[in-house]
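If you're wondering where the values come from, they're calculated on a predicted model, not measured in any experiment. Residue numbering restarts at 1 for every chain, and letters A, B, ... go by the order of the sequence lines. Only this structure's heavy atoms are used, side chains among them; waters, hydrogens and symmetry mates stay out.
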2 protein chains.
Amino acid sequence: MRSPSQESREVAQEFSLVLRDMVLLLRRVSADQAVSAQQLAILGSLERGPRRVTSLAREHGVRTPTMTAHVSRLEEAGALSRGGDADDARAVAVELTAHGAELLRVGRAARVAYLSECLEALTSRERAAVAAALPVLAKICADR
Amino acid sequence: MRSPSQESREVAQEFSLVLRDMVLLLRRVSADQAVSAQQLAILGSLERGPRRVTSLAREHGVRTPTMTAHVSRLEEAGALSRGGDADDARAVAVELTAHGAELLRVGRAARVAYLSECLEALTSRERAAVAAALPVLAKICADR
DNA sequence: TATTGTTATACTCTATAACTATA
DNA sequence: TATAGTTATAGAGTATAACAATA
């Protein structure tokens, strides 16, 4: 019988290869889209209300200057607006615009449509295997 | 009972979110490594013998100028060498050096070690779910 | 003409360092 | 002093367009 650590090592080797392929999949999913995957994720964070630049940066695992750049590009595109914070004059309240909400809706729909097609090409058993793994993968990603 | 297309759509929505998180996981996996994930994949292709720039580009889903840039960076790092092709004077035979083989070995080991740790933190049932999904995910990625 | 590869250029995403303004 | 955010700069990774050399 295999120990958990032997087992983990074996799964990890295959996981390592698949993880690389997932990047290519993601690139195809986002190809020809008005909004990149990163931008879409940021707009998604703003859906439930304004956020500060620092808080967005933390949430998306990037440094503040990186998020400042994202916010600037998205502002130029009319997807969000920078507002002041009443409580703290240093802070910036980043808020989704109507145009941003529309970009979010369209971008999300395109991603889901593409992935749906991929999944429809599978057997229902294979689809079930993916569905069962997704919460676990989410847990792995969230853990650290 | 749900139709395959309803089912696919539901799974796709969750997949879309997890896919985004996987990018962050990949970034953590590659952090503080001498060789990036992309570079590692290219070195991996060279493991079984020399390859042409065009063939590497196709294999990794990028355009030729992009692969030329990768090859140039890896050559500067001493990980590979450019040689001529005996049959076709236009072609370049890209070959792994001993240093490149070592970078590949170390980089792979680090990735697998990191992912092993992530997997060890799971229950054996969860690990089994990931293991079952990996071949399916590989299939999805390869299909297009 | 078609193919192989490079160079030039530009855009996205990322980082660190240095700065301003406010707390 | 510490925190919020920006600007300046740089590097990796990607693309297209234009080119040289060879088939």
Task: Contact letters for nucleotides 5-14 of chain C, in which S counts primed atoms plus P, OP1 and OP2 and B counts the base, heavy atoms under 4.0 Å - done: SBB----SSB

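In this structure the side chain of B/Leu137 reaches within 4.5 angstrom of the side chain of B/Phe15, judged on heavy atoms.
Atom CG in B/Asp85 sits roughly 12 Å away from atom C1' in D/dA23 (whole-Å rounding). Taking atom CZ on A/Arg51 and atom C1' on D/dA4, their separation rounds to 17 Å, with Å as the unit. Atom pair B/Glu76:CD and D/dG13:P shows a separation of 13 Å (rounding to whole Å applied). Whole-Å rounding puts the B/Asp88 CG to D/dA23 P distance at 6 Å. As a whole-Å value, the separation of B/Leu26 CG from D/dA12 P is 17 Å.
More than 12 non-hydrogen atoms from other residues, nucleotides or ligands lie less than 6.0 angstrom from CZ of A/Arg27.
B/Glu47 has a carboxylate O that lies under 4.0 Å from a charged side-chain N of B/Arg108, or vice versa, which qualifies the two as a salt bridge. Using a cut-off of 4.0 Å between Lys/Arg side-chain N and Asp/Glu carboxylate O, A/Arg73 and A/Glu76 are scored as not salt-bridged.
Linking ILVMFWY side-chain heavy atoms closer than 4.5 Å, directly or via other members, places A/Leu26 and A/Leu43 in two distinct hydrophobic clusters.
Residues B/Arg51 and B/Ser45 have side chains that never bring a donor and an acceptor to within less than 3.5 angstrom of each other.
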